[in-house]
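Remarks on the structure that follows.
Note on naming: letters A, B, ... go to the chains in the order of the sequence lines (proteins, then strands), and numbering restarts at 1 for each one.
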Amino acid sequence: MPGNQQKHKFMTPLEYQAPADLKRRSKLISLEEAGKIIASKQIVSLAGSHSADAAMSLIRAAIRAGAKDMTLIPPITTSMAADLPIAAGMLKKLYLSYVGFEIFGMAPAFRKAAQEGTLDIVEADEPFILLGTQAAAGGKPFNAVQYLYDGTDHKTLNPELKKIVDPFTGREVWLIPPLRSDVFIMHAQACDLYGNAQCWGGTGQERDKAKAADIVIVQADEIVGSEVIQKDPSKTTVPGLWVDHVVHAPFGAHPTFSSASYSVDDQHLKLYIDMVREGRAQEYIDKYILGPKDHFEYLELVGGLRRMVDLRTAIAIRS
Amino acid sequence: MPGNQQKHKFMTPLEYQAPADLKRRSKLISLEEAGKIIASKQIVSLAGSHSADAAMSLIRAAIRAGAKDMTLIPPITTSMAADLPIAAGMLKKLYLSYVGFEIFGMAPAFRKAAQEGTLDIVEADEPFILLGTQAAAGGKPFNAVQYLYDGTDHKTLNPELKKIVDPFTGREVWLIPPLRSDVFIMHAQACDLYGNAQCWGGTGQERDKAKAADIVIVQADEIVGSEVIQKDPSKTTVPGLWVDHVVHAPFGAHPTFSSASYSVDDQHLKLYIDMVREGRAQEYIDKYILGPKDHFEYLELVGGLRRMVDLRTAIAIRS
Amino acid sequence: MAEAAFPGTDDYSMAELMAIVLARMAGGGEETVAGGGANGGIPLAANRLAQLTVNPNLWLFTGGAGVYNGKFDTLPLGTWDPSCGHGAECKIYIADVVDGGTKGLNPRATRIKRLGSSGFGGIQVDKYGNVNMIGIGPHPKLKVRGPGTVGTIWMGSQSHNIIVEHHNKRVFVDKVDYVSGAGWMTGGNSRHEALDGRDGPEYVWSSICVCDFTEDDHRMRLASVHPGYTVADVVANTGFELVIPDEVPTTTPPTDFELKALRTQVDRNGVLRKRRLTVG
Amino acid sequence: MAEAAFPGTDDYSMAELMAIVLARMAGGGEETVAGGGANGGIPLAANRLAQLTVNPNLWLFTGGAGVYNGKFDTLPLGTWDPSCGHGAECKIYIADVVDGGTKGLNPRATRIKRLGSSGFGGIQVDKYGNVNMIGIGPHPKLKVRGPGTVGTIWMGSQSHNIIVEHHNKRVFVDKVDYVSGAGWMTGGNSRHEALDGRDGPEYVWSSICVCDFTEDDHRMRLASVHPGYTVADVVANTGFELVIPDEVPTTTPPTDFELKALRTQVDRNGVLRKRRLTVG
């Protein structure tokens, strides 16, 4: 039987098919490998919310790997996760919903690029990004909304919107096209080796973004054992099945928040904003992105263990 | 100031607006009241999966309250939660995806009504129900899918499907209309007084079904304190904001499973199936639905505390 | 650009006044949902304050953090701050927010969830309450690029208020360069006709006054002026002709009860007290 | 209707044989997702068995219970049984299932998740592998009403196999009364043309044999006959002309290793051992 080449696999008993090693395959790769994968793609998609839960270590790795002229499908709201790639020349095109640093101010690289016309901006919005992503997640031709755009200038500024007559009611409705990506990069607080990723906060854009992507890469603050994941399957934000690669990046969301884990580094955000405003974007990139030889050198540069522990503690003692 | 009738509410300080009682309003009502509300509506929607997590106590209450000629938007798969209402004459119309008792056999009342032509059946399916519900959840005009129906007879059997030309690609695509309901009734393992409902299993149809309904009623095995809910907000399946009424119905999913709580009562399911098959549906309804004066009398009739404890234990000692 | 600190007293900041005045709108005990801006936290503080003092049935919505009913007593950085999640009762996903926005409030629905004092700001607001988050100048190479429009489009599906923390003629313009959030559109019946009968904004809350809209034309009308400012101050800093009624009351200032509740139960770290809004 | 228990021996039941033969398809270590039927559990047992013995990278999908990778060692009632959730790694929502189904496998996608031995049954299956879950007779007052079509429509987006536990001429018909799951449609290129080049079913697994499809016409062809049955038995119980190759092997029977693994790690309560499938 073992030597017998069968026409049909179902004729060969299981004991002759068992692999030499029954170990489940790990999806862990290095941050550097992940950066190269991202840099080899055209369209990248991100999750997170404002200055929270951004996949910053993957973005830095992609910039280090020479990512250029990419298109970004951002989350509904974001700050440095869009602004830094713009500052670094990583982006050619942006689907805009909201890029700003909230109480810390406007996004300096974004604003400059937009006003100088060096960035191709699609005048999108919250439903456009979310419903377009939902459409791509299900391989649907489009997603439809009623009346909403009639009251705004999006209908003329965003050429990707289309109007048709609803055959059920005879009324005009708006169609949003699918927004797929080549690679979706996401931050998680915890992930096992097989890609089961837990986000402890966030706005729940991860599942649709993962489904709408060809490749999914997770950066995790912590790699946890399967027993942690199995404690409560409802806490797994994205099933490992959909995840291609896992990267271990402690404090990888720095300088943004990591929900329920560590605080935003407001000092570093301000430093970034100030440097870019002052025309010193390249200096920032040279020092903080291209300078460090790996993720841990970056963490040293921004304050090391002492600062990281402070940011963790800030979550607990906020007052 | 207090006696001063202000034109604008913002002119009146908070201390003069404080209600006599600052207590948060409870949404708890009796099962009987809930039954009357359901019976006063036309279109009812259900969640659950096969013979698990069905809102059986609310269905029994609706039948007792005289519910007639309703339309049912079922979950993707269901058994007694559709069959009993058919047996009791509660339904005039059914959006069909799957009604059957799995290893226990075909659904007897459904099959009889269908073959005798006494039930109006829309030949729906999994994507039709789910995507139609999603469309209604967002007030969208329709949901679209590509190519899928081309290979089947649904395209001729289900008159609610429409075909249009996708303006983005020029290809023909299928449109599914919104499937709203007047009332969505759902089973939860736990719920607080404000409607925050936890489902410990299930297929996650609850949020969309709640959003697609005018009224939402939750039956809960247990009413829990807010502190239980606040332990982990990610475990709240449906936000209380969307819930209109909460009913306390211990073992309310009987005879179906309640996920992670108690087992299916296979003996009772078989008894039901046998009686309906033998033409004794009315006898079953008289005895088990109309006979008991309340939910606890029903539980007594089907075995009381001894049987309920057995069904709970069966979850733990399955072997 | 003068600071809008309360002239002649340090008793409260104008940001505190705005939060308190907004909170007063959510009284009554009716079940309602209300959130706050991503930026700054005035409406967020307002709605938490209302929940604790006048409306326990208010659902506090913090979409960026993805939860309902966070139990904070120190003010988060905005609705997106993950610390909004402390003691929350339920996750809220962006998909749910979008479904709520695309559906909007159906006036014929049997179950209407009134929106409390949530609001949208913008880089421009015009006399009909239209909001612009897109930018100023010819598109696409805008002279001033706005941050993007996020959910201002929801102004079209529900009656959202408008919150403006810096009152000046650059913000209050006769006609916005672009509409990203629909107010009363071009006034009169224009909005009801375009948007299925849905009402536009009820109020505009600024650092120096409150405005509402006239009943027929839906033009912006002065409703009250905050203590320390005059009708003339408002007119001088507004870039279009406001409707000015014969009598314009002074906004009822924050009471001791209100300030104490705000400072001990909502904003223990005094974020709003330290905040300086501007006029002019 | 004769029982399909293995003639001459009580060593294993035909349900056990089917589960084991199906499990063999999922060997190889490739990352794959595979589920099981709502009814009966043969594919569910098969895929759990494969996961434990030949493919640790298989994701066990139990959609009705809403989880991936439940760690059961006694057989649940079906994929909908909440006990599938023991030790699961992730929730799977019907919305995700539907998104996967409407998207299907894109042959040009860089990341293809091959489907293991999941399958759909039906009340009728025809010579091109089309499946009918709707009913028999004129619509809508059908002579025999099927349970509804649930997700059989996903046969159109991915190459799902067909599992038939009761082999007889009522199920295996020349042409199904209605198509609820698209097989190779009318044979030849018909499916590739209608469904964007997506392949149809690869195998049909029945209680007495395994069939595949011819390469050009895509007509059902006998691939092997289970021990105890003959080609003549299959032909006599099939309502259309099967393609019969010159040599039809006997299905390799379950080995001691396979039976032991099935009975001690997957189906400790012997559900499949007690199950009696039928032929004729």
Side-chain angles (χ1 to χ4, degrees), chain A residues 1 4 6-27 41 134-141 178 180 182-183 192 194-198 207-208 210-216 226-227 229-244, chain D residues 20-29 31-33 49-50 52-57 59 61 66-71 85-93 95-96 98-104 106 109-111 113 117 157 203 205 210 212 223-224 249 251-258 261:
Chain A
M1 183 72 62
N4 211 355
Q6 294 287 344
K7 184 184 168 201
H8 295 290
K9 198 169 173 185
F10 69 81
M11 296 292 276
T12 305
L14 294 169
E15 57 264 52
Y16 301 113
Q17 293 198 39
D21 186 358
L22 248 184
K23 204 168 161 231
R24 200 168 168 190
R25 192 156 47 242
S26 166
K27 296 183 177 182
K41 306 291 180 186
Q134 275 187 355
K140 291 173 206 148
R180 59 164 293 283
D182 297 327
V183 56
D192 69 12
Y194 317 112
N196 291 301
Q198 288 186 353
R207 281 207 177 205
D208 283 341
K211 289 186 281 190
D214 284 352
I215 296 274
V216 177
S226 283
E227 64 277 18
I229 297 297
Q230 289 171 35
K231 253 181 212 160
D232 188 351
S234 73
K235 298 200 76 72
T236 302
T237 310
V238 169
L241 171 66
W242 303 350
V243 172
D244 295 85
Chain D
I20 286 166
V21 169
L22 277 165
R24 293 170 183 164
M25 292 301 294
E31 189 169 16
T32 179
V33 56
L49 178 62
L52 289 167
T53 58
V54 291
N55 194 346
N57 302 311
W59 291 81
F61 165 74
V67 290
Y68 277 120
N69 284 350
K71 305 291 189 295
H86 293 314
E89 296 173 7
C90 190
K91 288 288 296 175
I92 177 79
Y93 303 107
D96 297 324
V98 168
D99 275 348
T102 52
K103 185 158 59 172
N106 179 350
T110 53
R111 179 179 52 141
K113 303 292 187 194
S117 45
S157 62
Y203 287 107
W205 311 91
V210 180
D212 60 3
S224 84
T251 312
T252 311
T255 65
D256 288 348
F257 170 88
E258 291 173 321

Heavy-atom pairs under 4.5 Å with chain A are the metric here; pick the option from D:W59, D:F257, D:Y68 that has the most.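 So the answer, after comparing D:W59, D:F257, D:Y68, is D:W59.
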Chain D contact via A:K231 - side chain, backbone, both or neither, heavy atoms under 4.5 Å: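 Neither part.
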Heavy-atom cut-off 4.5 Å, strictly under: side chain, backbone, both or neither for A:D208 against chain D?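 Side chain only.
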If we define contacts as heavy-atom pairs under 4.5 Å, which of A:R24, A:K23, A:H8, A:K140 has the most with chain D? A:R24
For chain D, the option from A:S226, A:A18, A:G139, A:G138 that forms the most heavy-atom pairs under 4.5 Å: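 When all of A:S226, A:A18, A:G139, A:G138 are compared, A:G138 has the most.
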Just wondering, do D:R24 and A:T12 contact through their side chains at under 4.5 Å, heavy atoms? no
Less than 4.5 Å apart, any side-chain heavy atom of A:Q17 and any of D:N55?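 Counting from C-beta outward, A:Q17 and D:N55 never come under 4.5 Å.
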Minimum heavy-atom separation for A:K27 to A:V243, with atom names?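 Here A:K27 and A:V243 meet closest at NZ-O, 2.8 Å.
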Using 30° and 60° as the class limits, which term best fits the ring planes of D:Y203 and D:W205: parallel, tilted or perpendicular?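 If you compare the ring of D:Y203 with that of D:W205, the planes turn out tilted.
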Go through the atoms of D:V98 and report whether side chain, backbone, both or neither lie under 4.5 Å from a heavy atom of chain A. neither
What part of D:A95 gets closer than 4.5 Å to chain A, counting heavy atoms only: side chain, backbone, both or neither?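 It is the backbone, since no side chain atom gets that close.
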Under the salt bridge (Lys or Arg N to Asp or Glu O under 4.0 Å) test, residues paired with D:K91 that sit two or more places apart: none
Could you pull out all residues at least two apart from D:D96 that satisfy salt bridge (Lys or Arg N to Asp or Glu O under 4.0 Å)?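 Applying salt bridge (Lys or Arg N to Asp or Glu O under 4.0 Å) to D:D96 gives A:R207, A:K211.
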